[in-house]
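Scroll down for the structure; my scribbles are underneath it.
Count residues from 1 along the sequence.
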Amino acid sequence: SLVGSEMCIRDRDRKIFDREVLRLELSLNSVKECNEIYVFTHYPPMPVSLKENEFVQMMKKYPVTKCIYGHLHAAAHRNAVEGTINGIEYKLVSGDYLGFNPIKLHD
């Protein structure tokens, strides 16, 4: 995946990656006073190594409470990053990962 990959971002993908980080910042900047901020993204926000990237830095800056993401299917489930890391709760919600059973994201 573009964001979750352990590999360096290729030059041709850097433009797309940077655009997505900018979009995230614009979205987060538009949030007015909230007790909780959730980010929903298609791609995993960080690599399995848990190495912080621009997405994670942006979420920490605002500060985001939960990050819900998809994109990982079948054998790629092994790359899921879940749980609370540095104050942000991460949850993979790909349909096949969840056995196509809805989950509750908020009480």
Side-chain angles (χ1 to χ4, degrees):
S1 80
L2 179 65
V3 177
S5 175
E6 293 291 337
M7 299 171 58
C8 293
I9 298 173
R10 294 180 297 244
D11 289 339
R12 68 177 191 205
D13 292 334
R14 174 49 71 178
K15 184 176 178 181
I16 296 168
F17 181 85
D18 290 345
R19 183 185 67 210
E20 292 304 311
V21 171
L22 178 61
R23 286 179 176 175
L24 176 61
E25 182 172 30
L26 291 170
S27 294
L28 290 171
N29 196 37
S30 71
V31 173
K32 302 305 176 209
E33 294 182 32
C34 292
N35 292 332
E36 296 183 81
I37 301 172
Y38 291 12
V39 166
F40 291 81
T41 181
H42 179 78
Y43 292 104
M46 73 170 74
V48 172
S49 68
L50 305 182
K51 182 178 179 191
E52 282 193 12
N53 60 19
E54 292 94 328
F55 271 79
V56 174
Q57 292 166 355
M58 189 67 60
M59 290 189 294
K60 286 172 64 176
K61 176 181 173 183
Y62 274 87
V64 168
T65 310
K66 291 185 184 182
C67 179
I68 294 91
Y69 68 96
H71 187 72
L72 299 179
H73 303 285
H77 292 163
R78 69 180 179 277
N79 296 322
V81 173
E82 291 197 293
T84 302
I85 302 165
N86 294 324
I88 300 171
E89 182 182 345
Y90 296 89
K91 182 69 183 159
L92 172 61
V93 295
S94 297
D96 58 335
Y97 182 74
L98 298 175
F100 299 97
N101 293 309
I103 62 167
K104 191 174 186 178
L105 295 175
H106 183 70
D107 293 327

Which atom of C67 lies closest to which atom of P45, heavy atoms considered: SG-CG, 3.6 Å
With sequence neighbours left out, what residues match D18 under salt bridge (Lys or Arg N to Asp or Glu O under 4.0 Å)? R14
Which atom names give the shortest non-hydrogen contact between S94 and H71, and what distance separates them? OG-N, 3.5 Å
What's the spacing between K61 NZ and E54 CD if we round to 0.5 Å? 12.5 Å
Rounded distance [0.5 Å steps], CG in L98 versus CD1 in I103: 5.0 Å
With rounding to the nearest 0.5 Å, note down the distance linking CZ in F40 to NZ in K66. 8.5 Å
List for me each residue that meets side chain to side chain contact (heavy atoms under 4.5 Å, CB included) alongside R78, sequence neighbours excluded, and say none if there are none. A75
Minimum heavy-atom distance between T65 and N35, given as atom pair plus value: OG1-O, 4.3 Å
What's the spacing between Y43 OH and L72 CG if we round to 0.5 Å? 11.0 Å
Enumerate the residue pairs fulfilling ring-ring contact (aromatic ring centres under 6.0 Å, His included) with a member in residues 77-102, sequence neighbours excluded, ordered by first and then second residue. H77-Y97
According to the salt bridge (charged side-chain N to carboxylate O under 4.0 Å, His left out) rule, which pairs have a member within residues 28-50, sequence neighbours left out? none
Test side chain to side chain contact (heavy atoms under 4.5 Å, CB included) applied to Y62 - qualifying residues, sequence neighbours left out: E25, L28, N29, M58
Does V31 share a hydrophobic cluster with L22, counting links as ILVMFWY side-chain heavy atoms below 4.5 Å and allowing steps through other members? no
Could you tell me whether the side chain of N79 and the main chain of V48 form a donor-acceptor pair under 3.5 Å? no
Could you measure the distance from the CE atom of M46 to the CD1 atom of I85? Nearest 0.5 Å is fine. 4.5 Å
Can you name the nearest heavy-atom pair linking K104 to H106, along with the distance? CE-O, 3.1 Å
With the side chain counted from C-beta on, respond yes when V21 and Q57 share a heavy-atom pair under 4.5 Å apart, and no when they do not. no
Can you name the residues that form a side chain to side chain contact (heavy atoms under 4.5 Å, CB included) with K51, not counting sequence neighbours? P47, S49
side-chain contact (heavy atoms from CB on, under 4.5 Å) evaluation trace for Y69 with L92: CA-CA 5 Å; Y69 68 96; L92 172 61; 3.6 Å; yes
